[in-house]
Amino acid sequence: MLAFRPQFSLCLLLLGASAPLLADGRHPEADAVIEVTGHYANGVGTSDTASQGYITPKLIEAKPLLRPGEVLEYVPGVIVTQHSGDGKANQFFLRGFNLDHGTDFYTTVAGMPVNLPTHAHGQGYSDLNFMIPELVARVDYKKGPYFAEEGDFSSAGAAHFHYLDRMNDNLASATAGDFGYRRALLAGSPKSEMGDLLYALELVNNDGPWVNPNDFHKVNAVLRYHHGARDDGYSLTAMHYRGKWNATDQIPQRAVDSGLVSRFGAIDPSDGGGSQRSSLSYDLRQPMKGGGQFQMDAYLIKSRLQLFSNFTLFQDNPVSGDQFEQGDNRTTMGITPNWLWTGTLGEMQSVTKLGLQLRRDNIGRIGLYDTVARQRLSTTREDRVRETGSGIYVENSLQWTEKFRSVAGLRGDYFDFDVASNLAANSGRKTAGIASPKLNLIFGPWHQTEYFLSAGSGFHSNDARGAVISLDPKTLAPAAQSPALARSGGAELGVRSEWVPNLQSSLALWRLALASELVFAGDAGTTRASRPSLRHGIEWSNRYRPQPWLLIDADISASKAKFTDEDPAGERIPGSIDRVAALGVTLNELGRWSGTMQMRYFGPRPLIEDGSVHSRSTQLTNLRIGYKFDNNLRLGLDLFNLFNRQASDIDYFYASQLRGEAAPVNDVHFHPVEPRSLRLTLSANF
C-alpha cells in the first residue's frame, strides 16, 4: 500500500527525471513518500498525469529481453521492434505512432540525450544498443506534451534511464543461446573511501535466424565515478560502444511467395553497417543557500554511423542494384542546469523549477551515396551541418487546497540550422523559435483515487537539410522546404486509483495533433516531413498483486490516427497502430524458483493512405524461468516467441523491383519476428 504526504510529494513530482537517485533506483524522498509493492512506483500521489510513471530495477531484472531497447516495452502502450540488423536502432510504436527510430519520443541515458536530429537515417534517430539494462537504476516515463522539462521529440512521450552510482554487489554473467547468441557481462563497484566507482564491460555476438547471418559484434564499456551525498555531490561517467553487423532488411512478400527467398532470407546480402558512440558526462547536485536545489548535467558525445541498405532492390539500377550508404559523423555537446525552490505562496505550498537546455550538434559529414556491395559508386549528397538548440523553461507546482494541485509551465525554444552542402543551392541557414505552454490539474485523492486534466503544446524539429533545400539532389528539380519546427498540441483526461485492494489502475483519454507528420520513405531510406495529423485514444494500465509472490501487469491501448488535410491520397497514416495489449505474470519468492511470462499484441496497421492495404496483427509470448542456487549464484532460462508464431516485426508498402522484373511493383515489404529461441544465463555476485 501507499502512504501519501503532500509536503514531500510536491518536491518529488517536480524533480521528476532530474531527482538524484539512490543506488537501488529510488528517489531520495522515497522512504518518506511511498512504500511500493511490485515493480512500478506508480501509486496515487506520485505523478502529474495518469500516463506518467516510474519503472524499477526489479521489473527490468524480471523481463526477458531480446534486445536492450525492449526495456521500453514496460512503458504502457510502447512496442519495440526491428526492421534490420541488431546493431541498428529499434523501431518504436506508441499512441498510434510509428515512431520509426525515435521521432516524437525523447530518450536520455544517464542524463545524456539519445535522439539525434538531422540524422542520416531518420530524424530523432535513437540507438539504445549502448544501454546496459543491469546498470539501470530507474526509468522515468511520460506521455504527451504536458511537461515543461521535455522539449524536442517529446510530443508522444519521453523516457529517462538513470544509471546506478554504485552496485551493492559485483556481477559476472554469461549467456549462450540459439542462432549463435553469446553475451558476457562484468560489472561492479570496488570499495573506496574516495567515492563510489562503477565499471561495466559487455561483449555480445549474435548471428540471428537469418540466412545471411547478422554477424553482430558489440563491445560496450562504462566507467562511472560518484563523490559526495546524493543531494550534494557529483558524478563523472565515461562510456564507449562499438557495433558492426550484417543486415537482413525488409523483403517483398512476392519474393517469399514465389520461393525466391525464405522468410529469413535477404535480397541483398551485403547490407549492414557499423556504429560507434563515445561519451563523457558530468552530473552536479548542490543545495542552494537559502533553500532549494541546483543540478547540472553536461555532456560530450562523439558518434558515428555507416549504414548500407537496399529497400527498392533493382528499381533504379537493374544491373547492380539500388544499395545506398548513409553516413553520419558528429560531435554533440550540451549543458542542462536547473534550479528548484520550495516555499509558500500565501498559505499554499509551492515548488518552482527553472531550467536551461543548450545543445550543439556539429555534424562533420552527413552523406548519402550510391553503392554496390558496400563500395561507393557516386555521391548523391554530402553536407556539413551545425545545429544549435536552446531552451528555457519554468514550471510551478502549487497546492491550492488539500485536494487540488496545479502544475503550470512555459517553455521557449530557439534553433539555428547552418547547412553547407556539396550542392551550393542546398546550402543555407535558418533560425526558428517556438513557445510551448503546459498545464496539469490534479484533483484528490478521494477514496484512494485521484483525477487529472492535462493540456499542452510541444514540437519536433525537422531535418535541417530539408529546412534549407532548394533542389532535389538526384533530379535537380526544385524541392519544397520543410518547416524548421512542427508544433503539436494535446490534451488528456485521466484517473488513477488504488480503491481495489492490491490493485493500481490508471485510465487516460488523450488527444494529440501535429502540424507535420514524419513518415518513412522507402525510396530514400529516411523520414520526411509530411501532412498534418490528429490522433486520439484510450489507455488502461493495471498492476495487481493478489499475493506477495504473484504480480500481474495488464495494459490495453486503443487509438485512431488520420491526416487532417484534404489530400485525395487518403487520410490514413501508414504504420499507425490502433490496438496494443500487454499481459505480464511474474512469480517470485517460490523458494529457489521464479518466473515471468510476457505477452504483447499489436494490431493491424494501414500501410497506405487510402487504407486499401493493411498489415496483419502480431502477438508474441516470451518466458523467463529463474533458479537461485544461493544468494550469489543464479541460472536463468529465456524463451522468446514461445509459440513460434510467424508474424511481422514491421510492414511497409511501397514499390520495388526484383531482378528480372520488367517494372517496379507495389508490394508489402516485411521484416519477420524471430522464431522461437532459447537463451541460458548464469549470473554470479561476488
Side-chain angles (χ1 to χ4, degrees), residues 82-85 88 91 98 100-101 119-123 125 210-212 246-258 260-273 305-327 367-381 463 465-466 472-477 479 518-530 569 574-575 607-609 612-613 615 648-672:
Q82 181 59 272
H83 83 112
S84 186
K88 191 176 178 182
Q91 298 282 135
N98 175 358
D100 195 58
H101 298 293
H119 188 265
H121 186 67
Q123 181 69 350
Y125 187 84
W210 318 106
V211 174
N212 179 42
N246 296 324
T248 297
D249 286 317
Q250 64 261 20
I251 56 177
Q253 183 64 51
R254 66 187 185 280
V256 177
D257 294 341
S258 67
L260 178 65
V261 294
S262 72
R263 285 175 50 81
F264 302 103
I267 305 296
D268 191 337
S270 64
D271 288 349
L305 176 71
Q306 187 178 32
L307 186 64
F308 298 91
S309 308
N310 186 348
F311 299 135
T312 55
L313 309 178
F314 295 91
Q315 176 175 304
D316 296 329
N317 189 334
V319 176
S320 302
D322 299 349
Q323 188 185 77
F324 56 89
E325 174 191 352
Q326 292 167 308
L368 178 63
Y369 313 93
D370 290 327
T371 59
V372 173
R374 304 195 186 189
Q375 299 300 311
R376 289 185 189 175
L377 299 180
S378 61
T379 299
T380 301
R381 72 175 301 171
D463 193 304
R465 295 168 296 173
D472 184 289
K474 279 192 173 183
T475 66
L476 300 183
L518 285 169
V519 298
F520 176 80
D523 59 343
T526 187
T527 51
R528 290 175 175 168
S530 182
L607 301 181
I608 190 171
E609 287 84 346
S612 59
V613 182
S615 70
S648 296
D649 254 348
I650 196 164
D651 300 275
Y652 301 99
F653 185 79
Y654 58 85
S656 65
Q657 188 170 333
L658 294 169
R659 189 187 295 274
E661 289 182 332
V665 177
N666 288 315
D667 197 2
V668 173
H669 296 70
F670 74 99
H671 191 264

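Since the model is a prediction, treat every value here as computed from it, not as a measurement.
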Between the side chain of [X] and the main-chain N/O of [Y], is any donor-acceptor distance below 3.5 Å?
X	Y	answer
Q323	Q375	no
Q315	T312	no
E609	A569	no
E661	P664	no
N212	P269	yes

Side-chain donor-acceptor pair under 3.5 Å between H671 and S84, yes or no?
-> no

Distance only, no hydrogens: is a donor on one side chain within 3.5 Å (strictly under) of an acceptor on the other, for R254 and S656?
-> yes

On a heavy-atom basis, which atom in [X] and which in [Y] lie closest, and how many Å separate them?
X	Y	value
T380	P473	O-CB, 3.5 Å
G122	D100	CA-OD2, 4.4 Å
G575	N98	O-CB, 3.4 Å
V668	L607	CG2-CD1, 4.1 Å
V261	A266	CG1-O, 4.0 Å
S648	D651	OG-OD1, 3.1 Å

Side chain to side chain contact (heavy atoms under 4.5 Å, CB included) evaluation trace for T248 with D271 | CA-CA 7 Å; T248 297; D271 288 349; over 6 Å; no

Roughly how far, to the nearest 0.5 Å, is the [atom2] atom of [Y] from the [atom1] atom of [X]?
X	Y	atom1	atom2	answer
I608	F653	CD1	CZ	5.0 Å
S378	F324	OG	CZ	13.0 Å
N310	D249	CG	CG	8.0 Å
D667	I251	CG	CD1	10.5 Å
L313	D322	CG	CG	7.0 Å
I650	Q91	CD1	CD	3.5 Å

May I ask you to test the [X]-[Y] pair for a side-chain heavy-atom distance under 4.5 Å?
X	Y	value
K88	H101	yes
H83	Y652	yes
Y369	R381	no
L305	Y125	yes

Would you please indicate if the ring centroids of F311 and H669 are separated by under 6.0 Å?
-> no

Is it true that D472 and K474 have a side-chain N and a carboxylate O under 4.0 angstrom from each other?
-> no

Test R374 against E325 for salt bridge (Lys or Arg N to Asp or Glu O under 4.0 Å), laying out the working first.
-> CA-CA 7 Å; R374 304 195 186 189; E325 174 191 352; over 6 Å; no

Does D370 have any salt bridge (charged side-chain N to carboxylate O under 4.0 Å, His left out) partners at least two apart in sequence or in another chain, and if so, which?
-> none

